[in-house]
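Basis for what follows: all heavy atoms, side chains included, without hydrogens, waters or symmetry-related copies. In each ligand, atom 1 is the first atom listed, and ligand 1 is the first ligand listed.
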Amino acid sequence: MSYLSGKKILLGVTGGIAAYKTTYLVRLLVKAGATVKVVMTPASREFVTPLTLSTLSKNPVLSHFTNEEDENDTWNNHVDLGLWADYMIIAPVTANTMSKMVGGTIDNLLLAVYCSAKCPVFYAPAMDLDMYKHPSTQHNFKQLESYGNHMIPAGVGELASGLSGEGRMAEPEEIVSYVEDYISDKLPLKSKSALITAGPTYEPIDPVRFIGNHSSGKMGGALAMELAHLGAQVVLIMGPSHVITNHNNIDRQNVTTAQQMYDAVHKHIDSVDIAIFSAAVADYRPVNRADQKIKKSADTLSIELVKNPDILASVGAMKLRPFLVGFALETDNELDYAFAKAEKKNTDLLILNSLRDKGAGFKKDTNKITIIDRQKNVIPFDTKSKTEVAKDIINEIIKRTS
Ligand code: C5P
């Protein structure tokens, strides 16, 4: 998943030949999960059709203050559009539009939207090399920078005029990366790394059967996605689970048994700042795993079990360890057990779920948690979706680690 996912992008298109590349740009932005609205200058419609851009963006394309073709002739509110956007990208921007952006000339809808926009504005100039070098253009770059606009510099290469030099609009992929980098640079967990354990573990009895539990991995998956959204690099060590965790920042390692989870955790634990143990690890595993399927014969069958390593406690005991968050699922005397667990496993935060709470438990999309810190502060939360719960947990971590 991209940092652009869920973002509202206003794309302004002006009248240069590079306008044809905006078809790819719109596709990339939509593919990244952004909602895209396009505003065109009248001149740009000669280079790329509004129909193409509205089809690709799945939104009407606007270029006039009124919809003359529309029999109701409604007014296109530039202020609403400017306020709607999380980010505005003007690509390509011609020398002419740039000079109007500098001087505040508003003779089309795009310029009115630009002047009304409160969001960060990016612009990707495109022009011939001599126009690019011209002192007025260079002056306008500086002016726009002083207004807080972000230039996505033009590249060097073949130009529409047949000449070669600086002035080629940045490629659509570069424009998308530029905006993604801008967003990620501002994220609160930009330079942090985290490890999460999630899901159940399966402890094999024979090639067919195992000891497991009902954990779905939803809570750990939501934590991984939220951390990744906030810029952290995440190692997600996931037991058997169908939960999808698609994000460029997530390195997912699927494991089956507690021992595999333990090994994977200890391979990465030294290099992370935050560790969250949300997995429902099987406490015991069969001493012997039968090579063949165990046949049904006697009326009773005993399987000897041996304790699995406690992964969280093993990290809690490390001299130098990351900020450590554990989970506790209790059915009675919740707070007492939770305090004892936090002490024993040496956690910085312990997230308590009670099976007595209606909104909490396995496989559900909601959870109800209480957070306990080292000073024995007890912070209760309402029943919420697991994504919202993940946000609450991460907010507490950010408060205590920054
Ligand atoms: O002791 P209990 O299983 O209730 O502790 C729960 C916490 O300890 C959870 O954070 C869980 O992920 C972690 N844990 C572990 N390894 C185990 C058992 C539990 O990491 N073997």
Cation-pi check for Phe381 against Lys368: NZ or CZ below 6.0 Å from the six-membered ring centre and within 45 degrees of the axis, yes or no? no

Could you list each nitrogen or oxygen of ligand 1 that sits under 3.5 Å from a protein nitrogen or oxygen, with the atom names and the distance?
from     : atom 1 : to     : atom 2 : distance (Å)
ligand 1 : 1 (O)  : Lys345 : NZ     : 2.8
ligand 1 : 4 (O)  : Lys341 : NZ     : 2.4
ligand 1 : 5 (O)  : Lys345 : NZ     : 2.8
ligand 1 : 8 (O)  : Lys345 : NZ     : 3.1
ligand 1 : 10 (O) : Phe277 : O      : 2.6
ligand 1 : 10 (O) : Phe327 : N      : 2.8
ligand 1 : 10 (O) : Phe327 : O      : 3.3
ligand 1 : 12 (O) : Phe277 : O      : 3.3
ligand 1 : 12 (O) : Ala279 : O      : 2.7
ligand 1 : 16 (N) : Ile311 : N      : 3.0
ligand 1 : 20 (O) : Leu312 : N      : 2.9
ligand 1 : 21 (N) : Pro309 : O      : 2.9

Give a yes-or-no answer on whether the side chains of Thr49 and Thr52 include a donor-acceptor pair shorter than 3.5 Å. yes

Keeping to residues at least two apart or across chains, list the ring-ring contact (aromatic ring centres under 6.0 Å, His included) pairs with something in residues 268-321. none

Tell me, with the steps shown, if Asn367 and Met219 meet side chain to side chain contact (heavy atoms under 4.5 Å, CB included). CA-CA 8 Å; Asn367 202 358; Met219 191 63 247; 3.6 Å; yes

Geometric cation-pi criterion Lys186 and Tyr182, 6.0 Å radius, 45° cone: yes

Ignoring hydrogens and geometry beyond distance, is a side-chain donor-acceptor pair present between Arg374 and Asn346 at under 3.5 Å? yes

